[in-house]
Each structure stands twice: as C-alpha cells, then as structure tokens.
Amino acid sequence: MRVVELVVPAHDADLATDRLWAAGASAIEERDDGDRVVFRTVLAADDQVSTERLGSLPAGWNVAFVDVDDTPAETWREFAVPIEVNDELEIRPAWSDAPLRPGRTVIEIEPAGSFGLGDHPTTRLSADAVWRAVRPGDRVLDVGCGTGVLSIVAVERGASSVVAIDVAEAAREATDHNAARHGVGSRIDASCTPLAEIDGPFDLVVANILAPTLVALAPDLRRVLAPAGRLVISGILAERHDHVIEALAPLVVTRTDVVDAWAAVELVAGATDSSAG
Ligand SMILES: C[S@@+](CC[C@H](N)C(=O)[O-])C[C@H]1O[C@@H](n2cnc3c(N)ncnc32)[C@H](O)[C@@H]1O
C-alpha cells in the first residue's frame, strides 16, 4: 500500500492532523520524532492526486510517498467503532460486528481510503445537521462527498435525489460503492464534476470542506441554492470561521454546533436575520 508520510515541526502537529483529515484521511498514524512529528496516512492510490488533496504546504513541512506492507496499515480497522450521531442515527464501519441498537438508522461505510467514516467531528456534526435539515422530497447537493456518508444520510431522511461531487476519483468510487451497498445507488449521482459546472436549484446543500475552499466556492454555493434553500457547512474551526460566513453573505446563519473545536453552521437563503437590529 502507498502511504503519504508527512513530517512537520512538533509545534505544527495539530495543524498537520487537521490538514490530513481535510485531505481525506480516514485513519492517521502519528509518531513523535524529537522536535518533529511524523504522520502516515492513505489519501489516494495516485501520488499526484494525494499531492493535490494536500494542497500547498507551509514552510518546514515535508511530504514523501512510501510503500508499506498492507497488513500493519490495515490494523486500524480493528479499532474502528460505530459512531452515535444522535439518538436516531449511527454511522458504523461496514465490517463492524458491534451489536445493533433497535430503532436506529444505521449507515454502514467502507471508506476505502476516503474521508467520512464518522470518526471525525465534522462528519458527525454534518450528518446530524443533514438529518435535521432534510425534508421529504428535497433535492440535495453534497459538495466534497468523500465516502458518500452525508448523501446516504440525506436519502435515508427522505431526499428524492442527491448530487454528490468530489475532486477525488477515489471518493466518487467510494460514494458509488457505499450507496449501492446501502441500496440507494439510484438516488445518488456521484461524480467529479466541479461545483462551477453544477446547475441548481437545490433545497439543501452540504459542504464539509476546509475553510479556504469554502471561501473559494462561496459564490457557487450561493448560486446553486433554491430561493429558500438551506446550506450546511463544516470543516471549519469554532473560533475561526467568521471570514467564511462573510464570504457566504447574504446567507443568514440559523444554527451553529461545535464538537472538539470544530464547527458546523447552518445557513438559509432568502431569510431576514432575526438577530439583526
Ligand atoms: C472533510 S472531507 C468530507 C467528506 C464527507 N463529506 C464527510 O463529511 O465526512 C472533504 C472532501 O472534500 C473533497 N474536496 C476538497 N476540495 C474540493 C472541491 N473544491 N470540490 C469538491 N470536493 C472537494 C475532498 O476530496 C474530501 O473528500
């Protein structure tokens, strides 16, 4: 298996972890090495795609690609556990044999190297927000679909159709695979179509992507929303996302939830800000 090895100064360790999660890691190995920290993860089969997903790296960060034996690289799977999103919804690894709790909707995910197993707070926050926001018959857009987990949540909640897009071909494949194994493949259209080429309107748009990308995508996120459409964003830090909200104006924030310093924010189009004035 081809893994990404990222070496950063110790004081950048948290930033580097965030960057790897946002680039699509579903499990990260971390090793202290004096004043440096060495991370290993799997992003994509192709080094070029992994490099693009990492984006430009700060000075002092070094990335390399290493071939490792698959057996140790897969040991994390033993430790992956079902994630309780809320009282009604659970995301679980496809291979988990943990007992099922009655009355819950269970979304089984095979990540295959893509982001979205439910173990990251932004996936959990986004899944909870989508669960609350979807109305029966909604047309939904999932920007940065990763494993397709949020698309499947939307369909489970009654969305009539979901357009799921991601820059990574591996994410498109993972979304198709997970949607099919969940029996909802016909309602989720996964592709690598850029957001700029997607036509709305969508009743609900969800985008769990890092802040700089959300800012860059803001005009298109607004464009594809229906007149009274709802937008869920995550991938942003609780203490540092005002610039993202500003970029999305005149959309209005209706709710913010925070877990482990990560935030998910729900916004609406065509509303008057009741907190203003
Ligand atoms: C944090 S993951 C979210 C995955 C999944 N939606 C979830 O909530 O767990 C972000 C995803 O966005 C994708 N991505 C990054 N930039 C993008 C862009 N400009 N357009 C579409 N997808 C993008 C990445 O490849 C990655 O799969």
Side-chain angles (χ1 to χ4, degrees), residues 4 17-28 41-46 48-56 80 83 85 89 91-93 107 109-131 133 140-155 162-179 188-198 204-221 224 231-237 244 247 257 259-260 262-265:
V4 177
T17 314
D18 292 348
R19 178 69 74 97
L20 290 171
W21 286 129
S26 32
I28 301 172
T41 190
V42 177
L43 294 181
D46 184 282
Q48 177 70 30
V49 174
S50 297
T51 305
E52 282 165 15
R53 288 167 76 178
L54 276 172
S56 65
I83 302 294
V85 174
L89 177 64
I91 300 170
R92 64 165 51 206
I107 314 279
I109 294 294
E110 171 50 69
S114 288
F115 188 108
L117 187 55
D119 49 343
H120 193 266
T122 60
T123 305
R124 235 154 53 223
L125 283 164
S126 302
D128 189 34
V130 169
W131 186 256
V140 175
L141 173 65
D142 179 1
V143 183
C145 55
T147 58
V149 58
L150 303 179
S151 300
I152 299 171
V153 170
V155 169
V162 181
V163 172
I165 57 171
D166 202 292
V167 286
E169 173 61 17
R172 186 204 56 75
E173 282 172 19
T175 297
D176 276 345
H177 174 82
N178 285 310
I188 298 176
D189 176 14
S191 74
C192 291
T193 310
L195 177 58
E197 293 173 20
I198 296 285
L204 176 68
V205 177
V206 58
N208 175 13
I209 310 190
L210 274 192
T213 309
L214 287 172
V215 170
L217 297 179
D220 280 315
L221 290 171
V224 297
L231 172 66
V232 172
I233 54 166
S234 191
I236 52 178
L237 297 171
V244 181
D257 290 285
V259 171
D260 293 345
W262 291 94
V265 177

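Indexing begins at 1, ligand by ligand and atom by atom, following the structure's order. One is the number of the first residue; the rest follow in order along the sequence.
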> Relative to ligand 1, is Arg53 under 4.0 angstrom through side chain, backbone, both or neither, heavy atoms considered?
Replying inline: side chain

> Hey, is Cys145 touching ligand 1 through its side chain, its backbone, both or neither, going by heavy atoms under 4.0 Å?
Replying inline: backbone

> Do you know which two heavy atoms are closest between Gly235 and Thr122, and how far apart they sit?
Replying inline: N-CG2, 3.5 Å

>> Please give me the minimum heavy-atom distance between Ile198 and Val224, naming the atom from each residue.
In response: O-CG1, 3.6 Å

> What is the ring orientation for His120 with Trp262, classed by angle as parallel under 30°, tilted 30 to 60°, or perpendicular over 60°?
Replying inline: perpendicular

Using a 4.0 Å cutoff against the non-hydrogen atoms of [X], which atoms of ligand 1 qualify?
X	value
Gly116	9 (O)
Leu150	6 (N), 8 (O)
Gly146	4 (C), 27 (O)

>> Rounded at 0.5 Å granularity, tell me how far OG1 in Thr175 sits from CD1 in Ile152.
In response: 7.5 Å

> At what distance, to the nearest 0.5 angstrom, does CG of Leu195 lie from CG of Leu221?
Replying inline: 5.5 Å

Just to confirm my output: which protein heavy-atom neighbour is closest to [atom], and how far is it?
atom	answer
atom 27 (O) of ligand 1	Asp166 OD2, 2.7 Å
atom 16 (N) of ligand 1	Thr213 CG2, 3.8 Å
atom 8 (O) of ligand 1	Asn208 ND2, 2.8 Å
atom 9 (O) of ligand 1	Thr123 OG1, 2.6 Å
atom 17 (C) of ligand 1	Val167 CG1, 3.7 Å
atom 6 (N) of ligand 1	Gly144 O, 2.8 Å

>> Do Asn178 and Thr147 pair up side chain to side chain, a donor and an acceptor below 3.5 Å, judged on atom types alone?
In response: no

> So, Ser50 side chain and Ala44 main chain: donor-acceptor pair closer than 3.5 Å or not?
Replying inline: yes

> Looking at Asp128 and Arg124, does any basic side-chain N land under 4.0 Å from a carboxylate oxygen?
Replying inline: no

